[in-house]
S.K.: 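My questions all concern the structure below.
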There are 2 protein chains.
Amino acid sequence: MSAAALLDRSADVSAQPAWLNTILKGDCVASLDKLPEKSVDVIFADPPYNLQLDGDLHRPDQSKVDAVDDHWDQFESFAAYDAFTRAWLLAARRVLKPNGTIWVIGSYHNIFRVGATMQDLGFWILNDVVWRKTNPMPNFRGRRFQNAHETMIWASRDQKAKGYTFNYEAMKAANDDVQMRSDWLFPICTGGERLKDENGEKLHPTQKPEALLARVMLASTKPGDVILDPFFGSGTTGAVAKRLGRNFVGIEREQGYIDAATARIASVTPMASEDLATISGKRAEPRVAFVSLIDAGVMKPGTTLYDSRRRWAARVRADGTLAVGDIAGSIHRVGAQVQGFDACNGWTFWHYERNGGLTQIDELRRIARLGMERAGA
Amino acid sequence: MSAAALLDRSADVSAQPAWLNTILKGDCVASLDKLPEKSVDVIFADPPYNLQLDGDLHRPDQSKVDAVDDHWDQFESFAAYDAFTRAWLLAARRVLKPNGTIWVIGSYHNIFRVGATMQDLGFWILNDVVWRKTNPMPNFRGRRFQNAHETMIWASRDQKAKGYTFNYEAMKAANDDVQMRSDWLFPICTGGERLKDENGEKLHPTQKPEALLARVMLASTKPGDVILDPFFGSGTTGAVAKRLGRNFVGIEREQGYIDAATARIASVTPMASEDLATISGKRAEPRVAFVSLIDAGVMKPGTTLYDSRRRWAARVRADGTLAVGDIAGSIHRVGAQVQGFDACNGWTFWHYERNGGLTQIDELRRIARLGMERAGA
DNA sequence: TTACTCATTGAATCACTAG
DNA sequence: TCTAGTGATTCAATGAGTA
């Protein structure tokens, strides 16, 4: 989307639902049920794992606990946590667009149960991403390894949903031109970023760093997308969304957190849209048919094309197909056939003679695209 | 245990059960049921990952990826995999000493199900440990993050078992005198360490590096302890156990793997006991991504960067890319493009304004590296 | 012997559009 | 919804071969 279109969209308030860029107060599942289905692009969830179990929770068969069987209580609390997890994930799934994705963050206390439940409900895991902390809390007793990371699960709505957003080229460019890995290094949230209450104590026990949320959104959303956070807490998701030109919806039960998050988000200045622009790879470029090069006169029928090492020579025909001996077809099919491969990118495989050397025909496609832009195509 | 005591114990063959330092052939659960209860100190398990591949995958050069499609990795459903997991974990738990611990390694395909089942059965998770690979396989289609790690769960037999072995001081000493973290960096198993069959092909599709097993054993076992591996495969657990003066028991179904593992272990020379305390893992040079400077707040989106002679000015964007007019990309690509070169080291080419003069952004990288080294990057 | 190029490979749940 | 066609996509190591 161009910067101008983005501005238009922001200005057209009437087109936005009332819940956009607000915090819904109340229970997570009840609030999710009030949102329209298939209405958000990405969900970021940081669910609690130290649930205070309600007193009205009973064993399925009401039986007396055998004092020897000390697994019962454990099982009971796991079962309650699983039920809670299942309920909010189901409600969240209804709200997610078919090509939307969900991020859930957790530690070893809960992430395995959450991940298994996500799989059971049909979510399709794309990656598990490790947040490595530069400055984790030490292990004071010296009885375990220092717990220096948390785990995020990134999943699409279901297995066949392939159209999710992943800004591959931007992630790669940001990572010194090699693919972004599944292990990310960030400091924990401290200092000025950490919200404090009136006593100077930390407001929220698990406030996430904005850099973590920024990476999540830059990787899996576009400007103008809607990001839902069903456990909004101190509002990091909302603050980062606003800064990065995205829309948010928060759900939170406690008024104290809602007040703090509202003030926090109000003080955020959105970034200039030219700083939000992102690179996109060839996939986003308009398609060019090989035959249109012939139509435009930049490629003449009868021209001979070669692979980079002149192992094969092909003749361009008037209808935009190539011929090598008995083999004929598109630039891609013929390129694949002569090499004995299933597939081949003809644009980069075939070359034409220019100034005594060989030039990829992809160069001609680039020129054709410039012409298309001038024509406003 | 002193070295002398260890020698005594090795000499007293009659005190050792017949199954010690052998590979039991057969089904995992059936073989476990034949072992006496509470007889092993540590279990290391590398169960099938239940990969669900859909068709072939080719590299950009059209070569086919040799994926794990072995029959032992095929399960009909999540329910079938869960039943399998539950069965072997239950059988393993009976064999484990009350103060014993268990390690299970997996990927996002299976580890969440395994972890939840472990909790259901009463195992008490001590840590989840991330194995970060220095040289993971890339994501060839550019549709996800590079899957650059696997996860290990380390758990005690139950919550109240506090007497498990954890060699805290040895781990700390091996890690430059700071606590060993839950994220470990090792290369995958290649080169001379990788077992080959008679055709020169990899013998086992998922052979683990010895360095990984060595750290597991140095952390959670003492010399003379018994380590059980119920999915023995190529026998890495046995080879490392012998080298480190520990005893092993393996369980494996396929005779081919048993033969190869037996020969492999026979060729291992045990380390001198006085050397056992001084081993540590390899460490790698930290690499800094430009975007991490933004994450850390030392570089702000919207900042203008210049080359040393201010011939070009570029704007830093939120996702870690640079923009000069229509040109956008990584610090390296943009530096190359404005100069008309094929390549450019953006770290030394671009500068930022400081105290009225220009400073290389490489200076910021040096600062970031100091922080990363502390995090064991 | 050294330096360089080129081919190979590893636990992988790896497209998208037009008709 | 299905089919056919286009065409996008890789990092770190090892090891063989060559200059």
Side-chain angles (χ1 to χ4, degrees), chain A residues 99 119 123-128 155-156 158-164 166 168-169 172 175-182 280-291 320-321 329-333 335-336 341-350 362 365, chain B residues 46-70 72-75 78 105-111 131 133-151 187-194 196 200-202 204-209 233 284 287:
Chain A
N99 274 325
Q119 290 181 312
F123 288 106
W124 192 246
I125 299 180
L126 299 170
N127 281 112
D128 59 334
S156 62
D158 47 62
Q159 179 175 4
K160 59 182 194 305
K162 307 275 193 186
Y164 58 87
F166 178 53
Y168 173 78
E169 290 82 8
K172 183 174 171 176
N175 193 41
D176 269 26
D177 290 326
V178 291
Q179 297 186 333
M180 187 68 80
R181 296 166 46 109
S182 55
S280 52
K282 287 188 190 174
R283 264 186 276 251
E285 297 275 299
R287 291 204 170 197
V288 175
F290 181 66
V291 72
T321 58
S330 72
I331 53 173
H332 313 295
R333 294 298 336 135
F341 290 160
D342 285 343
C344 167
N345 183 343
W347 290 109
T348 53
F349 180 72
W350 294 111
D362 206 29
R365 179 168 67 159
Chain B
D46 184 9
Y49 285 12
N50 191 24
L51 300 186
Q52 291 163 38
L53 305 173
D54 188 24
D56 289 341
L57 178 66
H58 292 89
R59 298 186 177 82
D61 66 2
Q62 301 298 329
S63 62
K64 189 166 168 292
V65 175
D66 182 18
V68 178
D69 53 0
D70 304 71
W72 48 255
D73 200 42
Q74 314 289 326
F75 293 84
F78 283 137
I105 186 167
S107 65
Y108 66 84
H109 313 85
N110 71 325
I111 198 66
W131 167 29
K133 304 179 183 183
T134 57
N135 49 350
M137 191 184 292
N139 183 291
F140 295 114
R141 305 301 292 266
R143 295 295 296 145
R144 306 177 176 194
F145 299 100
Q146 182 183 32
N147 189 14
H149 73 277
E150 293 188 29
T151 301
I188 61 175
C189 183
T190 57
E193 189 184 323
R194 188 92 196 208
K196 303 291 198 314
E201 310 270 303
K202 62 187 173 192
H204 193 279
T206 69
Q207 185 179 340
K208 295 291 176 288
R287 204 175 55 74

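Protein chains get the first letters and strands the later ones, always in sequence-line order, with residue 1 at the start of each.
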S.K.: Distance check, C1' atoms only: dG17(D) and dT1(C), in whole angstrom units.
M.R.: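 Their C1' atoms lie roughly 15 Å apart.
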S.K.: Side chain of Gln179(A): nearest nucleotide among dA8(D), dA11(C), dC11(D)?
M.R.: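 Among dA8(D), dA11(C), dC11(D), the one nearest the side chain of Gln179(A) is dC11(D).
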S.K.: Counting side-chain heavy atoms from C-beta on, which of dA15(C), dT9(D), dA12(C) comes nearest to Ala67(B)?
M.R.: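 Closest of the options to the side chain of Ala67(B): dA12(C).
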S.K.: Taking OP1 and OP2 of dT6(D), is either one under 4.0 Å from a side-chain nitrogen or oxygen of Ser330(A)?
M.R.: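 Yes.
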S.K.: Categorize Cys344(A) for me: base, sugar-phosphate, or nothing, with a 4.0 angstrom heavy-atom threshold over every strand shown.
M.R.: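 Since a base atom lies under 4.0 Å of Cys344(A), the category is base.
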S.K.: Does Asn135(B) or Gly163(A) map to a spot on DNA chain C nearer the 5' end, using the closest nucleotide for each?
M.R.: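 Counting from the 5' end, the first nearest nucleotide belongs to Asn135(B).
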S.K.: Does any non-hydrogen side-chain atom of Gln52(B) lie less than 4.5 Å from one of Phe78(B)?
M.R.: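 Yes; the side chains approach each other to less than 4.5 Å.
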S.K.: Within the structure, does a side-chain N or O atom of Asn147(B) lie under 4.0 Å from either OP1 or OP2 of dA12(C)?
M.R.: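 No, outside the criterion.
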S.K.: Is it true that Glu169(A) and Lys282(A) have a side-chain N and a carboxylate O under 4.0 angstrom from each other?
M.R.: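 Salt bridge between Glu169(A) and Lys282(A), a charged N being under 4.0 Å from a carboxylate O: no.
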S.K.: When rounded to the nearest 0.5 angstrom, what is the spacing between CD1 in Ile105(B) and OG1 in Thr151(B)?
M.R.: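 Result: 8.5 Å between the selected atoms.
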S.K.: I want to check one thing: is the phosphate of dT6(D), taken as OP1 and OP2, less than 4.0 Å away from some side-chain N or O of His332(A)?
M.R.: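 For His332(A), the contact criterion (side-chain N or O under 4.0 Å from OP1 or OP2 of dT6(D)) is not met.
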S.K.: Reckon Lys202(B) touches a base, only the sugar-phosphate, or nothing at all at heavy-atom distances under 4.0 Å?
M.R.: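 It contacts sugar-phosphate atoms only.
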S.K.: Determine the contact category for Arg144(B): base if any of its heavy atoms lies under 4.0 Å from a base atom, sugar-phosphate if only primed atoms, P, OP1 or OP2 are that close, otherwise nothing.
M.R.: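 Base, at least one base atom sits under 4.0 Å.
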S.K.: Just to be sure I understand the rule, does Gln62(B) reach a base, reach only the sugar-phosphate, or reach nothing, if contact means heavy atoms closer than 4.0 Å?
M.R.: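 Counting heavy atoms under 4.0 Å across all strands, the contact made by Gln62(B) includes a base.
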S.K.: Is there a side-chain contact between His149(B) and Asp128(A) in this structure, where contact means two heavy atoms from C-beta onward sitting under 4.5 Å apart?
M.R.: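 Heavy-atom side-chain distance check passes, below 4.5 Å.
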S.K.: Rounded to the nearest Å, what distance is computed from the CG atom of residue Asp73(B) to the C1' atom of nucleotide dA12(C)?
M.R.: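 After rounding, the gap between these two atoms is 11 Å.
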S.K.: Expressed in whole Å, how much space separates the P atoms belonging to dC14(C) and dG7(D)?
M.R.: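 Their P atoms lie roughly 23 Å apart.
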S.K.: Which part of the nucleic acid, if any, lies within contact of Arg143(B), taking any heavy atom under 4.0 Å across all strands shown: a base, the sugar-phosphate backbone alone, or nothing?
M.R.: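 Counting heavy atoms under 4.0 Å across all strands, the contact made by Arg143(B) is with sugar-phosphate only.
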S.K.: Can you figure out which of dA12(C), dA8(D), dG7(D) approaches the side chain of Met137(B) most closely?
M.R.: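 Among the listed nucleotides, the one closest to the side chain of Met137(B) is dA12(C).
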S.K.: Look at the side chain of Gln207(B) and the backbone N and O of Glu193(B), then say whether any donor-acceptor pair between them is shorter than 3.5 Å.
M.R.: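 Yes, because the side chain of Gln207(B) sits within donor-acceptor range (under 3.5 Å) of the backbone of Glu193(B).
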S.K.: Hey, could you give me the CG/CG distance between Asp56(B) and Asp66(B), rounded to the nearest 0.5 Å?
M.R.: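 Those atoms lie 10.5 Å apart.
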S.K.: Would you indicate which nucleotide in dC14(C), dT9(C), dG7(D) comes nearest to any side-chain atom of Asp61(B)?
M.R.: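 Given the options dC14(C), dT9(C), dG7(D), the side chain of Asp61(B) is closest to dT9(C).
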S.K.: For Tyr168(A) and dT10(D), is the shortest distance between a side-chain N/O and OP1 or OP2 below 4.0 Å?
M.R.: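 Yes, Tyr168(A) has a side-chain N/O under 4.0 Å of OP1/OP2 on dT10(D).
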S.K.: Given a 3.5 Å cut-off on both pairing distances, which stems involving DNA chain D, each at least three consecutive Watson-Crick or G-U pairs, are present, if any?
M.R.: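 Expected stems, ordered by start: C:2-10 with D:11-19, C:15-19 with D:2-6.
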S.K.: Between Phe349(A) and His332(A), is there a side-chain heavy-atom distance shorter than 4.5 Å?
M.R.: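 No. Closest side-chain heavy atoms not under 4.5 Å.
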S.K.: With a 4.0 Å limit, can you tell me whether Arg283(A) has a side-chain N or O closer than that to the phosphate oxygens OP1/OP2 of dT6(D)?
M.R.: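 No, no such contact exists.
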S.K.: Under 4.0 Å between any heavy atoms, over every strand shown, what does Ile125(A) touch: base, sugar-phosphate, or nothing? Just pick one.
M.R.: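 Counting heavy atoms under 4.0 Å across all strands, the contact made by Ile125(A) includes a base.
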S.K.: At 4.0 Å (heavy atoms only), tell me whether Ala343(A) reaches a base, stays on the sugar-phosphate, or touches nothing.
M.R.: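 Base contact.
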S.K.: Describe the nucleic acid contact of Val65(B) in one word from base, sugar-phosphate, nothing, applying a heavy-atom distance below 4.0 Å.
M.R.: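 Contact class for Val65(B): base.
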S.K.: Roughly how many Å apart are dT9(C) and dA8(D), using the P atom of each and rounding to a whole number?
M.R.: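 Approximately 27 Å lies between the P atom of dA8(D) and that of dT9(C).
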S.K.: Counting any heavy atom closer than 4.0 Å, what does Thr206(B) reach on the DNA or RNA strands: base, sugar-phosphate only, or nothing?
M.R.: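 Since a base atom lies under 4.0 Å of Thr206(B), the category is base.
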S.K.: May I ask you to say what Lys160(A) touches in the nucleic acid, namely base, sugar-phosphate or nothing, with a heavy-atom cut-off under 4.0 Å?
M.R.: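 Counting heavy atoms under 4.0 Å across all strands, no contact is made by Lys160(A).
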S.K.: Roughly how many Å apart are dC16(C) and dT1(D), using the C1' atom of each and rounding to a whole number?
M.R.: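 To the nearest whole Å, 16 Å.
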S.K.: So Gln159(A), base contact, sugar-phosphate only, or nothing? Heavy-atom distance under 4.0 Å.
M.R.: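 Gln159(A): no heavy atom of the nucleic acid under 4.0 Å.
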S.K.: Would you mind classifying the nucleic acid contact of Gly329(A) as base, sugar-phosphate or nothing, using non-hydrogen atoms under 4.0 angstrom?
M.R.: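 Contact class for Gly329(A): none.
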S.K.: Strictly below 4.0 Å: does Arg181(A) bring a side-chain N or O up to OP1 or OP2 of dA12(D)?
M.R.: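 So the side-chain polar atoms of Arg181(A) never come under 4.0 Å of the phosphate oxygens OP1 or OP2 of dA12(D).
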S.K.: Which is true for Gln119(A) with a 4.0 Å heavy-atom rule: it touches a base, it touches only sugar-phosphate, or it touches nothing?
M.R.: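 The answer is base, as Gln119(A) lies within the cut-off (heavy atoms under 4.0 Å) of a base atom.
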S.K.: So which nucleotide from dC14(C), dA11(C), dT17(C) ends up closest to the side chain of Trp124(A)?
M.R.: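 Of the candidates, dC14(C) comes closest.
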S.K.: Within the structure shown, what part of the strands sits under 4.0 Å from Pro209(B) by heavy-atom distance: base, sugar-phosphate, or nothing?
M.R.: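 If one applies the 4.0 Å heavy-atom cut-off, Pro209(B) turns out to touch nothing in the nucleic acid.
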S.K.: Between Lys208(B) and Trp131(B), is any pair of side-chain heavy atoms under 4.5 Å apart?
M.R.: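 Sidechains of Trp131(B) and Lys208(B): in contact.
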S.K.: Of all the choices, dA8(D), dA12(D), dA15(C), which nucleotide is nearest to the side chain of Lys162(A) once you look at every atom?
M.R.: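 Out of dA8(D), dA12(D), dA15(C), the nucleotide with an atom closest to Lys162(A)'s side chain is dA15(C).
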S.K.: For residues Tyr168(A) and Asn139(B), determine if any side-chain heavy atom of one lies less than 4.5 Å from a side-chain heavy atom of the other.
M.R.: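 Not in contact.
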